A.B. asks: 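Mind looking over this structure? Questions follow.
Please read all numbers here as calculations on a predicted model, not as lab measurements. One-based numbering along the sequence shown.
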Amino acid sequence: MRIPLVAGNWKMNGSLSSTQELLAGIKQGIGAIGAGVECAVFPPFVYLAEVERLLGGTVIGWGAQNVSEQQPGAFTGEVATAMLLDFHCTYVIVGHSERRTLYGETDAIVARKFAAARKAGLTPVLCIGELLEERERGVTEEVVARQLDAVLELEGIEGIEEAVIAYEPVWAIGTGKTATPEQAQEVHAFIRSRLARHDAAIAAATRILYGGSVKGSNAAELFAMPDLDGGLVGGASLNAQEFLTIAKGA
Ligand code: 13P
C-alpha cells in the first residue's frame, strides 16, 4: 500500500513573512485532508529553521531542495547532509531538472548526492524526466532509464527502497503544460517496470510522484492513475489553498 505524498517544492521563492503566512494556511486546512495522504514542504535552505519551528509536532513533513555529496569542509556555498539533520529534515530533493540543466548536475553527481542523503538517513526524492526535445525524438524512456540506472548502479535496488521517485517531464515544468494523465501514467509504469527488473516487491512499494504544473484543477485526474502516488508541486505549492486542494486530490 503506497501512501500518496504531496510535496511542495518552493524553489527560490518566498520570504520569512510569506513562509509564515503559507504555513499558517496549510496548518489550518491540513486537518481536513485525512491520514491517507502525506504532505511535505521543501523551502529554500535559509527558511528551514523557521519551517521546523512552525511544523514541528504537526503531520506535515519538510525537506531541502538540494544537498552536497561532500562531508563538511571547504565547499563554499554548499550544505551538508548533517546540516539538514540539524533541522530535522525527513526528505531531500536530488537531481531536480533545474539543478541538472542550469547548474550542470550530471547523472553521476545526482547519484552521489542520492547516496550521501541515504547514508545520512534522509529520504531522497530523486527527480528524473526528459526535455521537450527528447520527448519529440521519442527517447523519453531511454533518458528516464539512464537517469534511474545511474542511481541503481551506485546504490542498488535496496537504495530505492528507502527513496521516493519524482517523474518530472521538463517540458511541463513552470510552463502551464501538463502531461495528460495517460502520458504520465505511461512513463510511471515504465519506471516501475524498470525497478521490477531488479525487485518486484520494491517496485510495487516505491512511491512515484508526478511533477509538472500540477494544480488544484488537474490533481485528482492525474492522481487517479494507478502508478501516480502523489505529486511534486512547484508554483501551486506557494498558495495554501491550492496546495491543500492538490492534497485532497490525492
Ligand atoms: P511547476 O509545478 O511550477 O510546474 O514545477 C514543477 C516542479 O519542478 C516541481 O519540482
A.B. asks: Would you check if the side chain of Arg194 reaches a backbone N or O of Glu141 as a donor-acceptor pair within less than 3.5 Å?
C.D. replies: no
A.B. asks: Starting at CG of Leu22, measure out to OG of Ser17 and round the result to the nearest 0.5 Å.
C.D. replies: 11.0 Å
A.B. asks: Any side-chain donor-acceptor pair under 3.5 Å between Trp171 and Glu130?
C.D. replies: yes
A.B. asks: Which heavy-atom pair separates Thr206 from Ala163 by the least distance, and what is that distance?
C.D. replies: CG2-O, 4.2 Å
A.B. asks: Considering only heavy atoms from C-beta outward, does the side chain of Phe243 approach that of Cys39 to under 4.5 Å?
C.D. replies: yes
A.B. asks: Which salt bridge (Lys or Arg N to Asp or Glu O under 4.0 Å) pairs, counting each pair once, include a residue from residues 94-104, with sequence neighbours left out?
C.D. replies: Lys11-Glu98, Arg99-Glu105, Arg100-Asp107
A.B. asks: Any heavy-atom pair between the side chains of Ile60 and Ile30 that's under 4.5 Å?
C.D. replies: yes
A.B. asks: Which heavy-atom pair separates Lys215 from Ala236 by the least distance, and what is that distance?
C.D. replies: CA-CB, 4.3 Å
A.B. asks: When hydrophobic residues are tied together by side-chain contacts of less than 4.5 Å, even through go-betweens, does Val233 share a cluster with Met225?
C.D. replies: yes
A.B. asks: To the nearest 0.5 Å, what is the distance between CZ (Arg2) and CG (Leu209)?
C.D. replies: 11.0 Å
A.B. asks: Does a side-chain heavy-atom distance below 4.5 Å link Leu228 with Arg207?
C.D. replies: no
A.B. asks: Please answer whether the main-chain N or O of Tyr210 pairs with a side-chain N or O of Glu168 as donor and acceptor at a distance below 3.5 Å.
C.D. replies: no
A.B. asks: Hey, is the main chain of Ser213 close enough, under 3.5 Å, to the side chain of Asn218 for a donor-acceptor pair?
C.D. replies: yes
A.B. asks: Check Pro4 against Ala250 and note the closest heavy-atom contact, atom names and distance.
C.D. replies: CG-O, 3.6 Å
A.B. asks: Considering only heavy atoms from C-beta outward, does the side chain of Lys248 approach that of Ile33 to under 4.5 Å?
C.D. replies: yes
A.B. asks: Side-chain contact test, heavy atoms from C-beta onward, threshold under 4.5 Å: evaluate it for Val41 versus Leu23 and give yes or no.
C.D. replies: yes
A.B. asks: Does the Asn13 side chain pair with the main chain of Trp10, one donor and one acceptor, at a distance under 3.5 Å?
C.D. replies: yes
A.B. asks: Any side-chain to backbone donor/acceptor pair from Tyr91 onto Ile93? Under 3.5 Å, distance only.
C.D. replies: no
A.B. asks: Report the C-alpha distance between Arg192 and Asp229 in whole Å, list the side-chain angles of each, state the deciding distance to 0.1 Å, and finish with yes or no for side chain to side chain contact (heavy atoms under 4.5 Å, CB included).
C.D. replies: CA-CA 12 Å; Arg192 206 176 298 288; Asp229 309 312; 2.8 Å; yes
A.B. asks: Backbone N or O of Ile157 within a donor-acceptor pair of the His198 side chain at under 3.5 Å?
C.D. replies: no
A.B. asks: When rounded to the nearest 0.5 angstrom, what is the spacing between CD1 in Ile26 and CG in Leu55?
C.D. replies: 7.5 Å
A.B. asks: Would Leu148 and Leu126 satisfy side chain to side chain contact (heavy atoms under 4.5 Å, CB included), going step by step from the backbone distance to the final call?
C.D. replies: CA-CA 9 Å; Leu148 200 55; Leu126 171 67; 4.1 Å; yes
A.B. asks: For Val151 and Ile160: C-alpha separation, side-chain torsions, deciding distance, then whether side chain to side chain contact (heavy atoms under 4.5 Å, CB included) applies.
C.D. replies: CA-CA 8 Å; Val151 171; Ile160 300 290; 4.0 Å; yes
A.B. asks: Are Val164 and Leu152 connected in a single hydrophobic cluster, I mean Ile/Leu/Val/Met/Phe/Trp/Tyr linked by side-chain heavy atoms less than 4.5 Å apart?
C.D. replies: no
A.B. asks: Which atom names give the shortest non-hydrogen contact between Val144 and Tyr167, and what distance separates them?
C.D. replies: CG2-CE1, 4.2 Å
A.B. asks: My understanding is that only one of Val125, Thr81, Val67 makes a side-chain contact (heavy atoms from CB on, under 4.5 Å) with Val92; could you say which?
C.D. replies: Val67
A.B. asks: Would you find a donor on one side and an acceptor on the other, under 3.5 Å apart, between the side chain of Glu242 and the backbone of Gly216?
C.D. replies: yes
A.B. asks: Would Ile165 and Val110 show up in the same hydrophobic cluster when neighbours are defined by side-chain heavy atoms closer than 4.5 Å?
C.D. replies: yes
A.B. asks: Say whether, by atom type as modelled, one donor and one acceptor occur between the side chain of Glu38 and the main chain of Val6 under 3.5 angstrom.
C.D. replies: no
A.B. asks: Do Val79 and Trp62 land in one hydrophobic cluster if side-chain heavy atoms of ILVMFWY residues count as linked below 4.5 Å?
C.D. replies: yes
A.B. asks: What are the two closest non-hydrogen atoms of Ala64 and Cys89, and how far apart are they?
C.D. replies: N-SG, 4.2 Å
A.B. asks: What's the separation between atom CZ in Arg112 and atom CD in Glu155, rounded to the nearest 0.5 Å?
C.D. replies: 12.0 Å
A.B. asks: Is atom CG of Leu132 surrounded by more than 12 heavy atoms (other residues, nucleotides or ligands) closer than 6.0 Å?
C.D. replies: yes
A.B. asks: Using side-chain heavy atoms (C-beta onward) and a distance below 4.5 Å, is Asn9 in contact with Ser237?
C.D. replies: no
A.B. asks: Could you name each residue pair satisfying salt bridge (Lys or Arg N to Asp or Glu O under 4.0 Å) that touches residues 48-65, not counting sequence neighbours?
C.D. replies: Glu50-Arg53
A.B. asks: Give the intermediate values and the outcome of side chain to side chain contact (heavy atoms under 4.5 Å, CB included) for residues Leu154 and Phe114.
C.D. replies: CA-CA 9 Å; Leu154 191 67; Phe114 182 103; over 6 Å; no
A.B. asks: Could you check whether any side-chain heavy atom of Pro43 comes within less than 4.5 Å of a side-chain heavy atom of Leu48, counting everything from C-beta outward?
C.D. replies: yes
A.B. asks: Quick one: pull up OG1 in Thr140 and CD1 in Ile128 and give me the separation to the nearest 0.5 Å.
C.D. replies: 11.5 Å
A.B. asks: Between Ala172 and Thr178, what is the shortest heavy-atom contact and its length?
C.D. replies: CB-CA, 4.2 Å
A.B. asks: Decide, yes or no, whether a salt bridge links Glu142 with Arg146 under the criterion of side-chain N to carboxylate O below 4.0 Å.
C.D. replies: no
A.B. asks: Is Phe190 reachable from Leu195 through a run of I, L, V, M, F, W or Y residues, each pair having side-chain heavy atoms under 4.5 Å apart?
C.D. replies: yes
A.B. asks: Tell me whether Glu186 at atom CD has more than 12 heavy atoms from other residues, nucleotides or ligands lying less than 6.0 Å away.
C.D. replies: no
A.B. asks: For Glu78, is the CD atom crowded, meaning more than 12 foreign heavy atoms sit under 6.0 Å from it?
C.D. replies: yes
A.B. asks: Got Val143 and Leu131 here, is their nearest side-chain heavy-atom distance under 4.5 Å?
C.D. replies: no
A.B. asks: Rounded at 0.5 Å granularity, tell me how far CZ in Arg118 sits from OG1 in Thr123.
C.D. replies: 10.5 Å
